[in-house]
J.: 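A single structure is presented below for examination.
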Amino acid sequence: MTDPFITYAQRLREWNQKINLVSPETISQLESRHIQDCQQLIPHLPKAPTRILDLGSGAGLPGLILAIGAPQHHITMVESDSRKCAFLQTVIQDLGLTNTRVMNLRLEA
């Protein structure tokens with residue numbers, strides 16, 4: 001079974017060629033600069049299941065990383081760009097993340 005963080009990174013690199021998910025200048029540092037940075041949040045989350053809201057989710061940082069690393073929590077990601085929502089939905093489906101959902105909304109809504 002493939003590490004879900006590796007699958008996430010692969011999908012992000014594929015989609016980043018089509019839509020701007022992360023800066024082209026930082027894509028080569030995806031694991032160290034983005035993924036590991038978000039993983040630092042996991043030990044600070046409550047132990048008991050809780051709801052987490054990620055506003056302006058973009059590439060799923062930190063929402064998808066938290067969903068993978070802390071599956072007891074329920075993650076809702078809000079993103080206004082439908083292309084980025086499609087990316088998020090694809091990763092959620094590929095990884096079978098049942099604790100995560102995406103809402104294609106503007107924050108003002």
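In what follows, every heavy atom counts, from backbone to side chain, and hydrogens, waters and symmetry copies are set aside.
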J.: Under 4.5 Å between any side-chain heavy atoms of W15 and V91, yes or no?
T.: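 No. Closest side-chain heavy atoms not under 4.5 Å.
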
J.: Out of curiosity, L66 CG to H74 NE2, how far, rounded to the nearest 0.5 Å?
T.: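 One gets 14.0 Å once the value is rounded to the nearest 0.5 Å.
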
J.: Look up atom OG in S82 and atom CG in N104, then write down how far apart they are to the nearest 0.5 Å.
T.: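 Rounded to the nearest 0.5 Å, the OG-CG separation comes out at 5.5 Å.
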
J.: I35, L88: one ILVMFWY side-chain cluster at the under-4.5 Å cut-off?
T.: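 Yes: a chain of side-chain contacts under 4.5 Å links I35 to L88.
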
J.: Are F5 and L41 connected in the hydrophobic side-chain network, where two residues link if heavy atoms are under 4.5 Å apart?
T.: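 Both belong to a single hydrophobic cluster.
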
J.: Return yes if some donor-acceptor pair links the side-chain N/O of N16 with the main-chain N/O of I27 below 3.5 Å, else return no.
T.: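 Not at all, since once roles are kept as given, no pair shorter than 3.5 Å links the two residues.
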
J.: Go through H73 and L45 one step at a time and tell me if the side-chain contact (heavy atoms from CB on, under 4.5 Å) criterion holds.
T.: CA-CA 9 Å; H73 299 297; L45 295 175; 3.7 Å; yes

J.: Ignoring hydrogens and geometry beyond distance, is a side-chain donor-acceptor pair present between H34 and T26 at under 3.5 Å?
T.: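 The criterion, which ignores hydrogens and geometry beyond distance, is satisfied for T26 and H34.
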
J.: In terms of side-chain geometry, is the basic nitrogen of R101 or E79 positioned less than 4.0 Å from the acidic oxygen of its partner?
T.: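 No salt bridge links R101 with E79.
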
J.: Find out whether T76 and D54 are in side-chain contact, i.e. whether some heavy atom of one side chain is under 4.5 Å from a heavy atom of the other.
T.: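 Not touching, per the 4.5 Å side-chain cut-off.
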
J.: Establish whether Y8 and I19 are linked, either directly or via other cluster members, by ILVMFWY side-chain heavy-atom contacts under 4.5 Å.
T.: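 Y8 and I19: one cluster.
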
J.: Just how far is it from atom NZ of K84 to atom CG of N20, taken to the nearest 0.5 Å?
T.: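 Result: 6.5 Å between the selected atoms.
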
J.: Working note: Q10 + L12, criterion side-chain contact (heavy atoms from CB on, under 4.5 Å); need CA distance, chi angles, decisive distance, verdict.
T.: CA-CA 5 Å; Q10 289 170 336; L12 195 147; over 6 Å; no

J.: Following the transitive rule for hydrophobic clusters with a side-chain heavy-atom cut-off under 4.5 Å over Ile, Leu, Val, Met, Phe, Trp and Tyr, establish whether I75 and L95 coincide in one cluster.
T.: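 Cluster IDs for I75 and L95 match.
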
J.: For a side-chain contact (heavy atoms from CB on, under 4.5 Å) check, start with the C-alpha distance between T100 and I68, then their side-chain angles and the critical distance, and finish with the verdict.
T.: CA-CA 9 Å; T100 311; I68 295 166; over 6 Å; no

J.: Find out if a path of hydrophobic residues (ILVMFWY) with successive side-chain heavy-atom gaps under 4.5 Å connects L64 to V78.
T.: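 Cluster IDs for L64 and V78 differ.
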
J.: How long is the gap from CG on L30 to OG on S23, to the nearest 0.5 Å?
T.: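 Separation between the atoms: 11.5 Å.
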
J.: Please report the C-alpha distance between I92 and V102 in whole Å, then the side-chain angles of each, then the deciding distance to 0.1 Å, and finally whether the side-chain contact (heavy atoms from CB on, under 4.5 Å) criterion is met.
T.: CA-CA 9 Å; I92 289 168; V102 176; 3.5 Å; yes

